[in-house]
Amino acid sequence: MAKVLRWGIISTGGIAQAFTKDLLVDPKTRDVHDVVHKVVAVGSRSTEKAQEFIAACAGGDQSVKAYGTYEEVYADPEVDAVYIGTPHTYHYTNALDAIRAKKHILLEKPATSNTAELRALLSAAKEHGVFFMEAMWTRFQPVSLAILEVLKKRELGAPVVVQADLSGDFDIHNLPKTHRILDPALGGGAILDLGPYPLVWAIMALYESPLNKLTPPSNISASIIKTPLTGVDANTSFTLSFSEIPAQAILSCNINVASSDPGVLIRCEKGVIRVATPIYCPMSFTVEYYGAGPGGTVVRTEERRFEYVGRGMHFEADEVARCIRDGKSESELWGHEKSLLEMRVFDEVRKQGGYVLPPGVEKVLE
Ligand SMILES: NC(=O)C1=CN([C@@H]2O[C@H](COP(=O)(O)OP(=O)(O)OC[C@H]3O[C@@H](n4cnc5c(N)ncnc54)[C@H](OP(=O)(O)O)[C@@H]3O)[C@@H](O)[C@H]2O)C=CC1
Ligand SMILES: O=C1OC[C@@H](O)[C@H](O)[C@H]1O
């Protein structure tokens, strides 16, 4: 019998719409038979928006409840788990309210504004006995799982350098300064919005490498260029050293560059993995194997392509359903420690780059 997970959706923005549409894709289309997702409630700051959302993203299903507050979703006994898709700096408060109502949590990236907020959420989740996961969807996609299998085989030798970038042209000069990508009160800028993706590739290829023995980076080095428009980070680069391997990640994110070249390169002793863009949901990758001796001559190339119905956010939802079914408090693939590592890196990047969020935005400070 498949486990049916009953979801409440918090907010009606762009990503909540994409997630909900994926949630309602028949799991059998991706060969999943043990879990099923049901949307039972949508919470918005406006009942009308919740109703429009249900019409657009849940096929107008009359049984889905439209609430004009988030609190009503938390209080609904038919909701098992909530998906929270509000702007970054609201994640802490929204998740805390849901945890206190004993709901399991899938919280959009970045988990919180800083490490202290995340620690507080994790301790609340523990106290109330609920599952908690950051919605790091890339970690659960078929491409990522297949790449980790390639690395595990060790035919490429040890990883040496990971280069990863995620950039987009948000047309910042024509964007209202209140847009979440520009507004510092909403955690605007590149690092908190785009940074999770270059970082997740470094975490998968280097932090998770058996050679690393789950050792945190020994060094984090960062540089930020802030836009004079609002002071948020527009161009950010950061490097992480994993001394146990030893290997390095060279990562970047920009909000005013149109392309996302070079995507992700995982450069190993005996070859390279080239991950297609967009790096948050790539559909293919190529592995180039080098011949014996120095010189990096490619002697064999393998390409893998993937296809599925939907955008790829349902894989993380399947993980949530399985973990809750099995009584787990966290995922083994994207557990609490990895979200904490992410927030520690972002705290350090913002510190070195001098990007301070406005007073009162961070609800918990170290
Ligand atoms: N996994 C992924 O691929 C992606 C993840 N994200 C993450 O999702 C989150 C939301 O991003 P996105 O959907 O693009 O944002 P949007 O601005 O499109 O939507 C955010 C929603 O949050 C609610 N909200 C609550 N408080 C506020 C507030 N003060 N200002 C604005 N909105 C508010 C609103 O819903 P309502 O009015 O119904 O309450 C709004 O529609 C971010 O943290 C981002 O990092 C974003 C894009 C892609
Ligand atoms: O998570 C995301 O992925 C895609 C980006 O365009 C978006 O801004 C970001 O939030």
Side-chain angles (χ1 to χ4, degrees), residues 8-23 41-54 56-57 66-73 82-95 97 106-113 117 133-141 164-172 175-200 232 234 253-260 277-282 310-317 334 339 342-343 346 358 360-361:
I9 306 295
I10 298 299
S11 89
T12 58
I15 203 59
Q17 295 175 27
F19 176 79
T20 303
K21 285 179 187 164
D22 267 7
L23 207 51
V42 174
S44 168
R45 294 168 301 170
S46 130
T47 311
E48 291 71 36
K49 277 210 274 177
Q51 286 163 341
E52 283 164 21
F53 181 97
I54 292 164
C57 306
Y67 290 125
T69 65
Y70 300 158
E71 285 69 24
E72 287 167 279
V73 178
V82 295
Y83 164 82
I84 299 173
T86 51
H88 322 325
T89 50
Y90 285 77
H91 290 180
Y92 169 74
T93 304
N94 299 148
D97 289 347
L106 178 63
L107 178 58
E108 259 312 333
K109 38 65 55 181
T112 45
S113 305
E117 287 186 354
M133 190 175 96
E134 179 190 12
M136 184 44 78
W137 60 312
T138 311
R139 180 62 185 83
F140 303 96
Q141 291 163 12
D165 175 85
L166 181 62
S167 299
D169 184 355
F170 288 82
D171 195 15
I172 56 175
L175 212 56
K177 293 193 172 68
T178 50
H179 188 280
R180 72 170 185 83
I181 213 72
L182 275 184
D183 187 349
L186 299 179
I191 188 64
L192 292 177
D193 191 57
L194 304 176
Y197 297 110
L199 182 61
V200 73
V232 304
C253 42
N254 304 276
I255 58 171
N256 53 1
V257 178
S259 81
S260 223
T277 58
I279 71 168
Y280 43 80
C281 61
R311 196 169 168 210
M313 311 195 96
H314 31 47
F315 299 108
E316 63 181 356
W334 193 258
S339 295
E342 174 190 348
M343 294 321 306
F346 292 168
V361 167

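This one's a predicted model, so the numbers in the text were calculated from it and none came from an experiment. First listed ligand is number 1; within each ligand, the first listed atom is number 1.
In summary, the atoms of ligand 1 found under 4.0 Å from a heavy atom of Ser44, numbered by their order in the structure, are 36 (P), 37 (O), 38 (O), 39 (O). Ligand 1 places these atoms under 4.0 Å from at least one heavy atom of Thr12: 35 (O), 36 (P), 38 (O), 41 (O). For ligand 1 and Met313, the ligand atoms under 4.0 Å from any heavy atom of the residue are 1 (N), 2 (C), 3 (O). Against a heavy-atom cut-off of under 4.0 Å, Trp137 is close to the following atoms of ligand 1: 1 (N), 2 (C), 3 (O). Those atoms of ligand 1 that come under 4.0 Å of a heavy atom in Asp193, given as number and element, are 44 (C), 45 (O). Interface atoms of ligand 1 facing Ser11, defined by a heavy-atom separation under 4.0 Å, are 21 (C), 22 (O), 23 (C), 35 (O), 38 (O).
Considering only heavy atoms from C-beta on, Asp193 comes within 4.5 Å of Lys109 through its side chain. Residues Ile15 and Trp137 form no side-chain contact, since every pair of their non-hydrogen atoms from C-beta on lies 4.5 Å or further apart.
At least one heavy atom of Tyr90 sits less than 4.0 Å from an atom of ligand 1. Ligand 1 lies less than 4.0 angstrom from a heavy atom belonging to Gly85. Heavy-atom separations between His91 and ligand 1 include at least one value shorter than 4.0 Å. Residue contact annotation: Tyr70 has a non-hydrogen atom under 4.0 Å from ligand 1.
Taking both residues in full, the closest heavy atoms of Gly85 and Ser11 are given as O-OG, 3.1 Å, listed atom of the first, atom of the second, then distance. Taking both residues in full, the closest heavy atoms of Met343 and Ala111 are given as SD-N, 4.1 Å, listed atom of the first, atom of the second, then distance. Of all non-hydrogen atoms in Ile10 and Val82, the two that sit nearest each other are CG1-CB, 4.2 Å. Minimum interatomic distance between Phe53 and Thr20 (heavy atoms only, all atoms of both residues): CZ-OG1, 3.3 Å. Of all heavy-atom pairs spanning Met136 and Pro196, the tightest one is CE-CB, 3.6 Å. Minimum heavy-atom separation, Thr12 to Gln17: O-NE2, 3.0 Å.
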Check ligand 2 for N or O atoms under 3.5 Å from a protein N or O and list each pair with its distance.
unit_1: ligand 2; atom_1: 1 (O); unit_2: Lys109; atom_2: NZ; d: 2.8
unit_1: ligand 2; atom_1: 1 (O); unit_2: Tyr197; atom_2: OH; d: 2.7
unit_1: ligand 2; atom_1: 8 (O); unit_2: Asp193; atom_2: OD2; d: 2.6
unit_1: ligand 2; atom_1: 10 (O); unit_2: Lys109; atom_2: NZ; d: 2.9
unit_1: ligand 2; atom_1: 10 (O); unit_2: Arg180; atom_2: NH2; d: 3.3
unit_1: ligand 2; atom_1: 10 (O); unit_2: Asp193; atom_2: OD1; d: 2.7
unit_1: ligand 2; atom_1: 10 (O); unit_2: Asp193; atom_2: OD2; d: 3.3

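Thr89 contributes atom OG1, which lies 5.0 Å from atom CG of Leu186 (distance to the nearest 0.5 angstrom). Atom CD1 of residue Ile54 and atom NZ of residue Lys49 lie 13.5 Å apart, to the nearest 0.5 angstrom. Atom CD1 in Ile255 sits 4.5 Å away from atom CD1 in Ile172 (nearest 0.5 Å). Rounding to the nearest 0.5 Å gives a distance of 3.5 Å between CE of Met133 and CZ of Phe140.
Ranking protein heavy atoms by distance to atom 9 (C) of ligand 1, first place goes to Thr86 O, 3.2 Å.
With a 4.0 Å heavy-atom cut-off, ligand 1 is reached by the side chain of Lys49 but not by its N, CA, C or O.
The shortest N or O to N or O distance between Gly14 and ligand 1 is under 3.5 Å.
Counting only non-hydrogen atoms, the option in Arg180, Gln17, His88 that gets closest to atom 43 (O) of ligand 1 is His88.
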